[in-house]
Amino acid sequence: MNTTDRTRLDETLVAIAAADADELEAQRVAVLGKAGWISAALKTLGGMSPEERQIEGPRIQGMRAAVADAIDARKAVLDAAALEKQLTSEVLDLTLPAPETPRGSVHPVSQVMDELAEIFADMGFSVATGPEIEDDWHNFTALNMAETHPARAMHDTFYFPDKDGEGRRMLLRTHTSPVQIRSMIEKGAPLRIIAPGRVYRSDSDATHTPMFHQIEGLVIDEGIHLGHLKWTLETFLKAFFERDDIVLRLRPSYFPFTEPSVEVDVGWQDVAGRRVLGGDGDAPGHGWMELLGSGMVNRRLFEFTGLDPEKWSGFAFGVGVDRLAMLKYGMDDLRAFFDGDGRWLAHYGFSAFDQPTLSAGVGARA
Ligand code: DAH
């Protein structure tokens, strides 16, 4: 091997052994590329005598192979180092919880309805629904509010110009109570339902919106009495407000569809200037807050729906869902519920993953 080539080869191998990725490519081009010096040496083989070629051929090929092997070896080292660097810089800890991607939130009204369904399901109630466009008979007459009944005046609503097939006036239902009638007719007795939903009245100010939400409860069975009503409401309110010290006061009242009728108040106490539910409302510094209407199902409803009032009795109640949400989550303006303001929802809304359950707490926040 001539000394020039030997020196060049040594220099090349040293350079390759220390090259980074760019330098390695430069070496490859300078040595093995089209105009590289080994490529040029290979080309000289064509002009040699066979004897000469027998000696020069293996020598030049040997140099080419040495350089090619050195490049491969260096490349393997550089690739391994690059991979190592990537592995140490891009740490991925699979044991960390995945970051939550917030996609909207659950409205407090929906959340409270889910909480109520969870609580009442535990007491054997199923969820019933009825139409929001209701007819006059289900909304009023069958609930013992005849055409001229004065109680209709408190339920002014939006009427439709057309009547249904049986000549009944159509209207936006003013309460969820017509679902009592529909369930009694469709399912008969015994019966244990709640009926959450939208209701409408032509009312609009800071504490009234033309649309709001109610939940109706109805139990019909043999031997049902006021004690069952009181226990059910107490159990429901303790679970809903997540407090054991909820105290109820039943006051005589009047609703056409219940007899006797009671208005249910719940005791509150003053905690650092705020009214917090819980405790006996008659204790000093405490008070009572009206919460819902209820009573024993009026026997006229059994007659209207074809159930035997001698065999069955029942209780019913109706409560505002928006009001329950306001009391539980400390929201003070009813109108904000229906403004669709994203900031309000971001503040009061619930994560879609926060499913109410009795074991995890019905109103647990994520
Ligand atoms: N439907 C009544 C209203 O909207 C509320 C109500 C009162 C419902 C007493 C009931 C009940 O089931 O028993 O004003």
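Start at 1 and go down the list; that is how both ligands and their atoms are numbered.
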Geometric cation-pi criterion, Lys328 with Phe240: 6.0 Å, 45°: yes

Arg300 charged N/C atom sitting above Phe257 aromatic ring, 6.0 Å / 45°:
no

What atoms in ligand 1 come closer than 4.0 Å to a heavy atom of [X]?
{"X": "Gly295", "result": "13 (O)"}
{"X": "Gly293", "result": "7 (C), 9 (C), 11 (C)"}
{"X": "Gln180", "result": "12 (O)"}
{"X": "Phe255", "result": "7 (C), 9 (C)"}
{"X": "Thr258", "result": "13 (O)"}
{"X": "Ser177", "result": "1 (N), 8 (C)"}

ask   = Side-chain donor-acceptor pair under 3.5 Å between Ser202 and Asp156, yes or no?
value = yes

N/O separation below 3.5 Å, Ala316 to ligand 1: yes

Problem - His175-ligand 1 polar pair, N/O distance under 3.5 Å - result: yes

Nearest non-hydrogen protein atom to atom 5 (C) of ligand 1, with distance, is Gly318 CA, 4.3 Å

Check your understanding: Would you call Asp245 and Arg243 a salt bridge, using N to O less than 4.0 angstrom?
Key -> yes

Nearest heavy atom to atom 3 (C) of ligand 1, choosing from Arg201, Met296, Glu216, belongs to Arg201

If you compare Phe212, Tyr254, Phe257 by their heavy atoms, the one closest to atom 11 (C) of ligand 1 turns out to be Phe257

**Prompt:** What do the steps show when you test Leu277 against Met289 for side-chain contact (heavy atoms from CB on, under 4.5 Å), and what is the final call?
**Reply:** CA-CA 9 Å; Leu277 293 191; Met289 185 184 295; 4.1 Å; yes

Of Arg168, Arg169, His155, His149, the one forming a side-chain contact (heavy atoms from CB on, under 4.5 Å) with Phe140 is His155

May I ask whether Gln214 has any heavy atom positioned less than 4.0 angstrom from an atom of ligand 1? yes

Check: Taking the inter-plane angle between the rings of Phe338 and His107 on a 0 to 90° scale, is it parallel (under 30°), tilted (30 to 60°) or perpendicular (over 60°)?
Finding: parallel

task = Could you tell me whether Lys163 atom NZ has more than 12 heavy atoms of other residues or ligands within 6.0 Å of it?
result = no

